[in-house]
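These numbers come from a predicted model, not from an experiment.
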Amino acid sequence: MPFTPLHLGAGAVFKAVAGRRMSFLVFAGTQVLMDLEPLVGILRGSAVLHGPTHTLAGAVLIGGVGAVTGKPVTNAVLRRVSPASVPVGWPAAFAGAWAGSLSHIVLDAFMHADMRPFWPLTSANPLLYRIDVDHLGLLCLLGATAGGAAVLLRRTWRRRGAARATGD
């Protein structure tokens with residue numbers, strides 16, 4: 001299914017580790033860009049849904065597009081939602097986009113038989129079925145839970161530290 005929210009579990013873990021050095025919103029937008037090819041394939045009734053964009057080379061290219069388009073869109077959304085928010089810089093945009101596109105390739109390679117992640121070097125998919133699909137989904141949900149909790153804890157600690165520094 002294109003646009004699976006389960007991929008966001010990896011993004012939550014990356015965000016928990018990287019903090020402001022990675023944009024979660026750019027990560028999420030890049031996930032959608034990655035699944036445009038399978039969506040078109042589904043609409044056309046194609047036998048192969050995961051083609052050139054679902055290779056490492058394709059993921060690097062899509063990640064670049066995700067960063068260049070995602071940074072201004074993310075900053076516009078952040079300004080609208082929270083005018084006091086810190087804008088996303090280019091390094092965080094590229095980190096989010098490439099974390100999104102490359103993790104997408106890895107996660108899809110475990111479960112889609114039409115994946116050729118290392119093409120044109122090889123047509124083999126050494127990751128296929130190395131993790132049971134149900135376990136992969138569970139790992140993504142656990143990542144979302146643990147990563148989300150870690151992000152919230154970090155934010156809480158940062159706010160408490162800022163409040164102590166200002167004497168509030």
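Taking the side-chain hydrogen bond (donor to acceptor under 3.5 Å, both in side chains) definition, one finds that Ser103 meets it with nothing, sequence neighbours left out. Every residue two or more places apart in sequence or in another chain that forms a side-chain contact (heavy atoms from CB on, under 4.5 Å) with Phe118 is listed here: Leu56, Thr122, Pro126. Residues passing the side-chain contact (heavy atoms from CB on, under 4.5 Å) test with Ala47, sequence neighbours excluded: none. For the side-chain hydrogen bond (donor to acceptor under 3.5 Å, both in side chains) test, residues two or more places apart in sequence or in another chain that qualify with Asp114 are His50. A search for side-chain contact (heavy atoms from CB on, under 4.5 Å) contacts involving Ala144 returns nothing, not counting sequence neighbours. For Arg130, the side-chain contact (heavy atoms from CB on, under 4.5 Å) test picks out Phe110, with sequence neighbours left out. Trp98 meets the ring pair (Phe, Tyr, Trp, His ring centres under 6.0 Å) test with Phe94; sequence neighbours excluded.
Contact detail for Ala67 and Ala97: the closest heavy-atom pair is N-CB, 3.5 Å. What you find for Ser101 and Ala59 is that their closest heavy atoms are OG-O, 2.8 Å. Taking all atoms of both residues into account, the shortest heavy-atom contact from Ala10 to Leu107 is CB-CD1, 4.3 Å.
Rounding to the nearest 0.5 angstrom, the gap separating the CZ atom in Arg44 from the CG atom in Leu39 is 11.0 Å. Here Met115 contributes atom CE and Leu127 contributes atom CG; the two are 8.5 Å apart, rounded to the nearest 0.5 Å.
Taking hydrophobic clusters as Ile, Leu, Val, Met, Phe, Trp and Tyr residues chained together by side-chain heavy-atom distances below 4.5 Å, Val106 shares a cluster with Val133. Under the 4.5 Å side-chain contact rule for hydrophobic residues, Leu153 and Val151 do not share a cluster. Under a hydrophobic-cluster definition in which Ile, Leu, Val, Met, Phe, Trp and Tyr are linked whenever side-chain heavy atoms come within less than 4.5 Å, directly or via other members, Met34 and Val65 are assigned to the same cluster.
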Could you go through residues 84-92 and list every donor-acceptor pair under 3.5 Å that involves a side-chain atom there, pairing it with any protein atom two or more places apart or in another chain?
| from | atom 1 | to | atom 2 | distance (Å) |
| --- | --- | --- | --- | --- |
| Ser85 | OG | Leu78 | O | 3.4 |
| Ser85 | OG | Ser82 | O | 2.8 |

Cut-off 3.5 Å, no hydrogens considered: what does the side-chain donor-acceptor table look like for residues 16-26, sequence neighbours left out?
| from | atom 1 | to | atom 2 | distance (Å) |
| --- | --- | --- | --- | --- |
| Ser23 | OG | Leu25 | N | 3.4 |
| Ser23 | OG | Val26 | N | 3.1 |

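Inter-residue side-chain proximity for Leu136 and Met111 is flagged as met; some heavy-atom pair is nearer than 4.5 Å. When side chains are defined from C-beta on, Val60 counts as touching Leu102, because their heavy atoms get closer than 4.5 Å.
Leu142 shares a hydrophobic cluster with Leu138; the chain of contacts runs through ILVMFWY side chains whose heavy atoms sit under 4.5 Å apart. Using a 4.5 Å cut-off between side-chain heavy atoms of Ile, Leu, Val, Met, Phe, Trp and Tyr, Tyr129 falls into a hydrophobic cluster with Leu128.
Residue pairs satisfying the side chain to side chain donor-acceptor pair (under 3.5 Å) criterion with at least one member in residues 51-73, sequence neighbours excluded, are listed as follows: Glu37-Thr53, Glu37-His54, His54-His104, His54-Asp108.
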